[in-house]
2 protein chains.
Amino acid sequence: MKASLLLQTALRHFAQHGYEGASLQEIAQDVGIKKPSIYAHYRGKDDLFLTAMRYALDTQKTHLATYFISTRHLSLEQSLKGFFDWFLEESTQNDQLKFILRIAYFPPVKLEREVTDLINPFFDTMQRHLTRLLRERNRTEQILYSDDYASAALAYLTVTEGTMTEFVFNGVAAYERRFTAVWPIFWRGLVR
Amino acid sequence: MKASLLLQTALRHFAQHGYEGASLQEIAQDVGIKKPSIYAHYRGKDDLFLTAMRYALDTQKTHLATYFISTRHLSLEQSLKGFFDWFLEESTQNDQLKFILRIAYFPPVKLEREVTDLINPFFDTMQRHLTRLLRERNRTEQILYSDDYASAALAYLTVTEGTMTEFVFNGVAAYERRFTAVWPIFWRGLVR
DNA sequence: CGTCACCTTCCTAACGGTCGTTAGTTAACA
DNA sequence: TGTTAACTAACGACCGTTAGGAAGGTGACG
């Protein structure tokens with residue numbers, strides 16, 4: 001029970017301060033235990049960090065799959081637009097996506113390899129999901145301008161990341177300004 | 001002389017390891033002096049960091065202006081596309097843009113206010129530059145779909161950031177993959 | 001021209017504090 | 001009885017920072 005709370009707390013601290021900036025002392029204090037007690041659950045800071053990372057990636061991977069299944073009855077446009085709302089809701093509930101974005105962009109140098117090996121499959125999965133979504137929907141809707149679904153998925157990812165990092169950094173108002181600006185243009189470029 | 005080298009080196013370290021991850025010890029060693037000698041030039045780590053930041057923002061601001069002036073004779077499409085190449089070249093020459101992107105997204109918590117106060121005007125300037133560019137070019141080219149130039153500029157910024165952070169994190173190959181994927185779609189959405 | 005004071009820039013030594021980590025112990029529980 | 005999860009105490013390493021002094025250059029003044 002404490003182990004789970006410990007993981008959640010650590011994840012929040014890592015998301016907020018980064019690997020180097022997060023302190024075991026403060027994490028323990030937040031949980032309500034002493035610093036050395038962490039070592040009853042994890043082998044050290046690296047272990048705690050990587051476990052938090054695996055946990056965040058796993059959780060978000062299933063959440064992601066759930067979202068794309070739940071929008072199966074919606075139009076392609078609604079599915080893709082709704083993903084932004086989903087991200088926003090998900091991000092306000094917990095810090096997992098912020099954590100993932102942060103360490104994806106700026107991993108601790110000494111754990112760069114391990115981070116990359118965990119992160120890359122995550123984004124690959126994401127792109128595969130999107131590619132499949134685009135292909136399948138287009139079979140019925142016949143709406144896309146190009147049939148290069150992989151490129152479309154990658155472009156969509158680029159736009160979402162540019163928008164979402166804006167939320168992580170500048171808050172919801174700046175995020176919505178960007179989304180409002182970029183979405184009509186992107187969608188117009190995507191469809192016939 | 002050493003002061004300038006010190007600043008450049010510090011900037012590189014901050015870009016690579018973040019504020020908390022960068023060590024005065026290692027910075028000094030890279031420069032070829034001892035750690036306390038830093039205090040002959042700067043009041044401390046915060047001062048060094050903020051000075052590096054002001055320097056990077058100032059330099060990049062003028063470089064940016066120079067670029068947009070130098071492309072005055074090119075078409076809008078070439079200007080906007082060329083900006084990506086300019087960014088790439090600029091980034092391989094020094095770490096200033098990487099540094100700026102990093103601290104823009106994840107500033108040290110204790111200096112959040114100061115960082116925001118410096119960064120925001122920078123991005124505002126950037127957006128204003130772009131808005132003006134779009135408006136002026138469209139007056140002669142009559143090519144854009146919408147005359148909401150501010151939104152177009154913001155959308156463009158979103159796409160560039162999404163692409164450029166990819167370069168900072170995943171290298172030039174991933175960057176070019178993204179650019180190739182996103183540019184045709186974005187441009188198609190932008191023009192009539 | 002010489003010299004004296006001053007400032008800059010570097011140094012060594014060391015400070016107090018925080019870091020992550022380990023050893024050893026205790027209480028609770030299966 | 002053995003295991004788990006917490007504790008206290010303390011370790012060595014590194015952190016940013018300060019004190020104090022040495023070397024070198026600069027400029028003023030007799």
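To find a chain, count down the sequence lines: A is the first, B the second, and so on, and within it residues start at 1.
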Task: Parallel, tilted or perpendicular: rings of A/Phe14 and A/Phe99 (30°, 60°) - done: tilted
Open item on the list: Would you say B/Lys45 places a side-chain N or O within less than 4.0 Å of OP1 or OP2 belonging to D/dG16?
Closed with: yes
- [ ] Could you tell me the separation between the CG atom of B/Asp47 and the P atom of D/dT18, rounded to a whole number of Å?
- [x] 12 Å
Could you give the side-chain donor-acceptor pairs of residues 118-135 of chain B under 3.5 Å, partners two or more places apart or in another chain?
unit_1   : atom_1 : unit_2   : atom_2 : d
B/Thr125 : OG1    : B/Pro121 : O      : 2.8
B/Thr131 : OG1    : B/Gln127 : O      : 2.7

Task: Spacing between B/Lys35 atom NZ and D/dG16 atom P, to the nearest angstrom - done: 6 Å
- [ ] Nearest whole angstrom, please: distance from the C1' of D/dA5 to the CG of A/Leu6.
- [x] 12 Å
Open item on the list: Measuring to OP1 and OP2 of D/dA6, would you say a side-chain N or O of A/His41 lies under 4.0 angstrom away?
Closed with: yes
Open item on the list: Angle between ring planes, B/Phe83 versus B/Tyr67, binned at 30° and 60°: parallel, tilted or perpendicular?
Closed with: tilted
TODO: For the residue pair B/Glu90 and B/Gln60, confirm or rule out a side-chain donor-acceptor distance under 3.5 Å.
DONE: yes
TODO: Grab the NZ-C1' distance between A/Lys34 and D/dC7 for me, whole Å please.
DONE: 9 Å
Open item on the list: Rounded to whole Å, please give me the gap between CZ in B/Phe49 and P in D/dG16.
Closed with: 13 Å
Task: First-last contacting nucleotides on DNA chain C - partner chain A, under 4.0 angstrom, heavy atom - done: C/dC19 to C/dT22
- [ ] Kindly indicate whether the side chain of A/Glu166, heavy atoms from C-beta on, has any atom under 4.5 Å from the side chain of A/Arg177.
- [x] no
Task: Neighbour count above 12 (heavy atom, 6.0 Å) for A/Arg43 CZ - done: no
TODO: Round to a whole Å and report the spacing from NE2 of B/His17 to C1' of D/dG16.
DONE: 17 Å
Open item on the list: Closest approach to the side chain of A/Pro36, judged atom by atom: which nucleotide of D/dA6, D/dT8, D/dG16 is it?
Closed with: D/dT8
Open item on the list: Does A/Ala28 reach a base, just sugar-phosphate, or nothing at all? Heavy atoms under 4.0 Å.
Closed with: nothing
